[in-house]
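All values below come from the heavy atoms of this structure, side chains included, with hydrogens, waters and symmetry mates left out.
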Amino acid sequence: MPNRSSEMWLRALEMTSPILQNPSVTLPVVIDQLASRFDSAPAILSDAATISFRTLKERMEFYAYWALSQGIGSKDVVCLFAPNSAEYFAIWLGVTRVGGTVALINTNLRGAPLEHSIGVVSPLHIIVGEGLYAAFETARSQLSPKI
């Protein structure tokens with residue numbers, strides 16, 4: 001009898017192998033395709049919310065427009081200092097969609113370690129999640145005023 005986890009890994013590898021043939025197909029592009037195909041079907045399930053593929057695409061587009069309005073593009077970095085949520089994923093996808101890079105910052109950091117984690121990636125912007133502003137303030141005075 002075949003091992004179920006081995007079959008799942010093989011299937012995942014088969015599904016991702018076309019990436020090498022078409023590197024322009026990024027995760028935001030895949031979300032667009034899935035939204036067209038599955039529309040109101042659940043894309044993200046959590047204790048807090050269920051987000052459909054359509055809603056995820058809409059939220060991703062919202063953050064992509066925001067990123068463009070901020071002049072974010074290829075090679076630009078945005079730090080995301082926020083708890084895990086559907087919105088977190090939408091921000092990540094939206095900034096990535098316009099060519100930006102999202103640096104995911106550990107929400108347990110404070111003070112000098114937080115400042116170092118942010119400073120090392122030289123972001124244009126930092127998105128601070130609800131409930132984390134006080135933690136962010138422990139590093140803010142040491143960050144570049146250009147952020």
Stepwise side chain to side chain contact (heavy atoms under 4.5 Å, CB included) check, W66 with H125: CA-CA 11 Å; W66 170 82; H125 297 278; 4.2 Å; yes
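- Heavy atoms only, all atoms of each residue included: L143 and G119 are closest at CD2-N, 4.4 Å.
- To the nearest 0.5 Å, atom CG of residue L109 and atom OG of residue S117 are 4.5 Å apart.
- Taking a cutoff of 4.0 Å between a charged side-chain nitrogen and a carboxylate oxygen, R37 and D32 do not qualify as a salt bridge.
- G100 approaches I72 most closely through the heavy-atom pair CA-CG2, 4.2 Å.
- In this structure, F136 and L132 have side chains that are not in contact, with every pair of non-hydrogen atoms separated by 4.5 Å or more.
- Among all heavy-atom pairs drawn from S52 and S40, the shortest one is CB-O, 3.5 Å.
- Just one residue in the list I126, I91, V95 forms a side-chain contact (heavy atoms from CB on, under 4.5 Å) with V78, and that residue is V95.
- Under the 4.5 Å side-chain heavy-atom criterion for ILVMFWY residues, no single connected hydrophobic cluster contains both L104 and I118.
- Residues forming a side-chain contact (heavy atoms from CB on, under 4.5 Å) with T101 (at least two apart in sequence, or on another chain): V77.
- For the atom pair CZ of F53 and CD1 of I44, the computed distance is 8.5 Å after rounding to the nearest 0.5 Å.
- Taking CG from L80 and CD from E87, the interatomic distance works out to 10.5 Å, rounded to the nearest 0.5 Å.
- Note that the CD1 atom of I31 and the OG atom of S36 stand 11.0 Å from one another [nearest 0.5 Å].
- Closest heavy-atom contact between R97 and A64: CD-CB, 3.9 Å.
- In terms of hydrophobic clustering, with Ile, Leu, Val, Met, Phe, Trp and Tyr side chains grouped at heavy-atom distances under 4.5 Å, I105 and F89 are assigned to different clusters.
- One finds the OG1 atom of T55 at 12.0 Å from the CE atom of M60 (value rounded to the nearest 0.5 Å).
- Under a 3.5 Å cut-off, the side chain of R110 and the backbone N or O of T107 do form a donor-acceptor pair.
- When V121, I127, V128, I147 are each tested for a side-chain contact (heavy atoms from CB on, under 4.5 Å) with C79, only one passes: V121.
- For the 3.5 Å distance criterion, the side chains of Y65 and E61 fail to qualify, holding no donor opposite an acceptor.
- When all heavy atoms of A139 and G111 are compared, the closest pair comes out as CB-O, 3.5 Å.
- Atom-to-atom distance recorded for Y133:OH and F81:CZ is 12.0 Å, nearest 0.5 angstrom.
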